[in-house]
Every structure is written in structure tokens, then in C-alpha cells.
Number of protein chains: 2
Amino acid sequence: MSLRFGILGLLSEWEASGYDIKKEFDDLMSIFWHSHLSQIYPELNKLEKEKLINSKYIAQEGKPDKKIYTITEKGKEELMNWLLAPIEAPKLKDAFLMETFFMDNIPVDEVLFKLNMYKKERTQRLEKMKKIMSERLKSIKERNVMKARILMSSVVLKRGYEQELQYIKWCEETIQLVKSCSNLWEKKEGRSSTILPFTNFEVIFMRYFADILEE
Amino acid sequence: MSLRFGILGLLSEWEASGYDIKKEFDDLMSIFWHSHLSQIYPELNKLEKEKLINSKYIAQEGKPDKKIYTITEKGKEELMNWLLAPIEAPKLKDAFLMETFFMDNIPVDEVLFKLNMYKKERTQRLEKMKKIMSERLKSIKERNVMKARILMSSVVLKRGYEQELQYIKWCEETIQLVKSCSNLWEKKEGRSSTILPFTNFEVIFMRYFADILEE
DNA sequence: GAGTTCATGTAAACAGTTACATGATTCC
DNA sequence: GGAATCATGTAACTGTTTACATGAACTC
């Protein structure tokens with residue numbers, strides 16, 4: 001149900017076309033959501049039928065016509081009700097963590113390769129966010145204004161930034177741990193996995209989990 | 001597509017019923033995935049039709065019969081191919097961050113209330129993970145064994161733990177920032193939001209973003 | 001007697017992705 | 001000439017959630 005509120009939220013600040021909305025989703029909002037044009041356009045039509053938004057056609061030079069949407073009072077109410085409703089339990093989905101969970105099934109070299117690739121992927125996301133953040137800060141300073149909307153979008157950006165930074169750090173630490181435990185992947189005839197006394201790993205393992213264990 | 005691999009991954013280690021699988025999803029795997037029984041049962045039937053898993057009925061005393069599934073060689077191959085395939089771009093969805101992004105639309109008291117509620121929610125998740133982690137560590141020590149599977153599930157658990165910890169810290173820091181900027185929510189007749197010179201916020205804002213800005 | 005756990009499912013609705021369709025303009 | 005950007009959509013498929021259905025046993 002969040003897509004409709006993502007659209008209503010955007011239109012509560014600016015008027016925009018479906019194409020503009022998609023760009024916002026791909027840019028700043030990519031920290032917490034993503035969507036396809038083929039989902040956005042039907043949703044906009046649905047919202048208009050429900051009288052939560054209005055549309056008008058704008059002719060452009062050298063570009064196709066645009067269908068610009070604006071939020072209605074009913075739409076603003078709908079958005080407010082959503083924002084004032086009790087919080088929902090977070091529903092996490094992270095396909096890479098699921099993969100990682102089962103990586104005892106592939107050779108340790110492949111595990112290390114995958115962790116490295118994922119670290120790169122997350123580093124790219126971090127770089128993108130750095131760029132967005134510095135651009136925004138520059139614009140805030142230049143225009144010398146502060147609004148609640150700017151504040152809230154900035155705190156979300158910070159959360160996204162932190163998340164990438166910490167995921168990268170986790171990749172690095174996990175790569176080190178897997179490297180130092182790589183003999184667990186050795187296959188001895190018939191046995192699908194090596195079982196070794198824990199004592200061999202105690203120091204390394206306990207160091208990796210030090211922050212969880214202290215208390 | 002990840003549900004099928006979550007199931008295959010679990011069955012690569014133990015045999016289990018749909019009900020058992022659901023419990024695993026709600027327990028350790030809740031860090032990265034969640035699913036309903038009404039999705040798991042049809043998926044199991046699909047996997048059996050594709051000969052990736054086999055089933056047998058087990059009679060139990062005082063409890064209903066169980067349909068126990070085991071993975072086939074073809075199933076193991078399918079799992080391996082997934083694990084060896086190139087990584088996919090992470091597709092993040094975080095409804096709470098989306099809400100936060102648009103919270104300039106509700107009174108600042110409500111913003112603080114929501115951030116506090118969410119902090120509580122995440123704290124509960126953290127406590128649950130602490131419990132799981134300490135139980136697992138106890139069991140590892142007692143049985144005195146280490147396997148690649150135990151290692152990989154532990155690193156995923158650590159990631160989940162870190163994520164909760166950092167989300168809670170973000171909630172706390174954001175609550176403080178919003179409190180010190182609460183006058184941005186003041187409504188003056190007609191105006192939907194207050195616009196103030198940035199200079200008033202420079203110190204607070206820059207302190208909050210210090211870690212991003214240093215470089 | 002009511003609620004929870006165990007156990008397996010179906011049906012309908014909703015959400016999300018991929019493929020297809022069209023067509024102009026701008027950039028290399 | 002080909003690729004990318006601008007612009008709006010439909011159709012088919014896949015994935016996910018909610019509601020419905022059944023029934024035994026155990027706990028408070």
C-alpha cells in the first residue's frame with residue numbers, strides 16, 4: 001500500500017507527472033523504495049478515480065505532452081491519516097542475506113567472491129548518496145532556507161548513508177572471518193561439510209562477535 | 001523468487017514440514033525474510049511437482065499427521081545455481097523511512113511520538129535477537145562443534161543485530177534533532193510550513209551530519 | 001469454555017515485475 | 001544510424017497477503 005502514499009507524499013509538495021515521480025523514486029527515494037513506470041501510471045489513474053489527485057495536460061516544445069498531477073484536499077487527508085496511523089511492524093526482505101545464510105553450499109572462494117562483489121555494489125550506492133547529500137547541502141546553504149520537509153528528507157538520507165556504510169563494514173569483517181575459517185569448507189570423502197571442534201575458532205569467532213557479547 | 005530458495009536452503013540441511021519451515025522463517029530467518037503458511041504450502045507443492053523435493057507422511061501421537069519434505073539432487077543443483085549466479089542489485093523497501101520522509105505533514109508531537117514508537121519496535125527486535133544469539137552461542141559451546149553452516153548463519157545474525165542497534169541509535173539522534181528544530185513545524189496563517197534562514201540551524205544540522213561531511 | 005498450538009490447505013485480492021507497444025527528439 | 005531521454009500506457013505473469021476452512025489436543 002505504500003506506493004500510493006509515496007505518490008501522495010510527493011504531490012503534497014510539488015505537482016508532477018508520472019515520469020517525474022519515477023525520477024524521484026530512482027533518486028532520493030531509492031533509499032527506501034523503488035517502483036516501475038508500469039506500476040506508477042495505473043496507480044495514478046486509480047488515485048484520480050478516487051479523487052485524491054487531479055490531472056491536467058501540459059504541452060511542451062520538442063518533448064511529448066505531459067500529464068501533470070496535483071493533490072486534492074481529500075488526497076491530503078488520506079496522506080495525513082496514513083502518517084497518523086499506528087506504526088506497522090517492519091517487514092524486512094534482504095535476498096543477499098538469505099544467500100549468505102546458505103553459502104555453506106558453495107566453495108569458499110565463491111563465498112569470498114560474492115561478498116566482495118556485494119561490497120562493491122554497496123560502495124556504489126554509498127558514492128551515489130554522497131553525491132546527492134553534498135548537492136543538497138550546497139543547495140541548502142546557497143538558498144539559505146530550512147523547512148521541515150528538507151529536515152525530514154535529510155534524516156532519511158542520513159539513515160540510508162549509515163546503512164550503506166555499515167553494510168560495507170560488515171562485508172569487510174565477514175570476508176576476514178570467512179578467510180580465517182576457510183578450512184570449514186574442506187570436503188572429505190562422503191562428508192558434505194567439515195565439523196571441527198569449536199575451540200579452534202573460539203578466539204576468532206569471539207572477536208567477531210565481541211560487540212554483541214559484551215554486556 | 002527467493003522464497004523457493006529459502007525453502008531449498010533449509011531442506012539442504014534438515015528435512016522439515018511446511019509448518020517447521022514457517023517456524024524457521026519466524027525465528028532466525030526473520031532477519032532477512034518473512035512468509036505466510038498460505039504461500040509456503042503451495043510453493044512446497046510446486047517444488048515437489050518440479051522434482052526439487054520429495055515428501056512423505058509421518059503419523060504423530062496426539063498431533064496431526066506431518067508431511068515431511070526432503071531435498072532431491074535436482075533441488076540441490078537448483079540451490080547451487082542460485083548461489084553461484086551473479087549478485088542482484090539490492091531492492092530496499094522500508095515503509096517507515098517513507099513515512100519519515102513525509103512527516104513534515106503532521107504535527108511535530110506526532111513525529112516525535114512515531115519515532116519513539118518505532119524505536120521501541122526495533123528495541124524489541126534487538127532483544128529477540130540477543131536471546132537467539134546467546135542460545136546459539138551456548139549450544140555451540142556445549143556441543144563444541146563448528147560448521148560452515150553455523151558460521152554463515154552467525155554472520156547473518158550479526159548483520160541483523162547491527163542493523164537493529166544502528167536503527168535505534170538513528171531514532172535517538174533523529175528525535176533529538178527534530179526536538180531542537182521543532183519550530184519548523186509552526187503554522188502561521190495560510191502558510192503550510194515555516195521557512196527559516198538556514199543559519200539558525202547550521203550548528204545543530206552540521207553536527208548531526210558530521211560523520212557524512214568529514215572527508 | 002476460550003484461547004493457543006499443531007497441521008494443511010484453498011480462494012480471492014492486492015502488489016510488483018517483465019514484456020510489449022508507440023513515437024518524437026536529442027546526443028554521439 | 002543507433003542509443004538515450006522524454007512520455008504514457010497495456011497485458012501477462014509472478015509474488016504476497018488476507019480471509020476462509022477444518023479439526024484435534026492441550027493449557028488456563
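Note that the structure is a prediction, hence the values are computed from the model and not measured. Order of the sequence lines sets the chain letters (A, B, ...), proteins ahead of strands, with each chain counted from 1.
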Below 4.0 angstrom, N of the basic side chain to O of the carboxylate: do [X] and [Y] qualify?
| X | Y | result |
| --- | --- | --- |
| Glu77(B) | Lys74(B) | no |
| Glu164(B) | Lys128(B) | no |
| Lys158(A) | Glu173(B) | yes |

Side chain of [X], heavy atoms from C-beta onward: which of [options] has the nearest atom to it?
| X | options | result |
| --- | --- | --- |
| Asn45(A) | dG9(D), dT5(D), dG16(C) | dG9(D) |
| Tyr57(B) | dT16(D), dG9(C), dG9(D) | dG9(C) |
| Tyr41(B) | dG15(D), dA7(D), dG9(C) | dG9(C) |
| Lys23(B) | dT8(D), dC6(C), dT10(C) | dC6(C) |

Nearest whole angstrom, please: distance from the [atom2] of [N] to the [atom1] of [X].
| X | N | atom1 | atom2 | value |
| --- | --- | --- | --- | --- |
| Gln39(B) | dT10(C) | CD | C1' | 14 Å |
| Phe25(B) | dT16(D) | CZ | P | 10 Å |
| Leu37(A) | dT18(C) | CG | P | 14 Å |
| Ile40(B) | dG9(C) | CD1 | C1' | 12 Å |
| Met1(B) | dT18(C) | CE | P | 11 Å |
| Glu48(B) | dT8(C) | CD | C1' | 13 Å |
| Lys22(A) | dT5(D) | NZ | P | 13 Å |
| Arg4(A) | dA13(C) | CZ | C1' | 14 Å |

Determine: side-chain N/O of [X] to OP1/OP2 of [N], distance under 4.0 Å, yes or no.
| X | N | result |
| --- | --- | --- |
| His34(A) | dT17(C) | yes |
| His36(B) | dT17(D) | yes |
| Lys67(A) | dT8(D) | no |

Inset, instruction - Confirm from the modelled atom types if Ser38(A) and dT18(C) form a donor-acceptor pair under 3.5 Å, side chain to base only. - result: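 Such a pair is found, so the answer is yes.
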Inset, instruction - Mark yes or no for whether Lys22(A), through its side chain, and Ser35(A), through its backbone, hold a donor-acceptor pair below 3.5 Å. - result: yes
Inset, instruction - Mark yes or no for whether Trp170(B), through its side chain, and Val155(A), through its backbone, hold a donor-acceptor pair below 3.5 Å. - result: yes
Inset, instruction - Specify the residue among Tyr69(B) and Lys93(B) whose closest nucleotide of DNA chain C lies further upstream toward the 5′ end. - result: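 Upstream on the strand: Tyr69(B).
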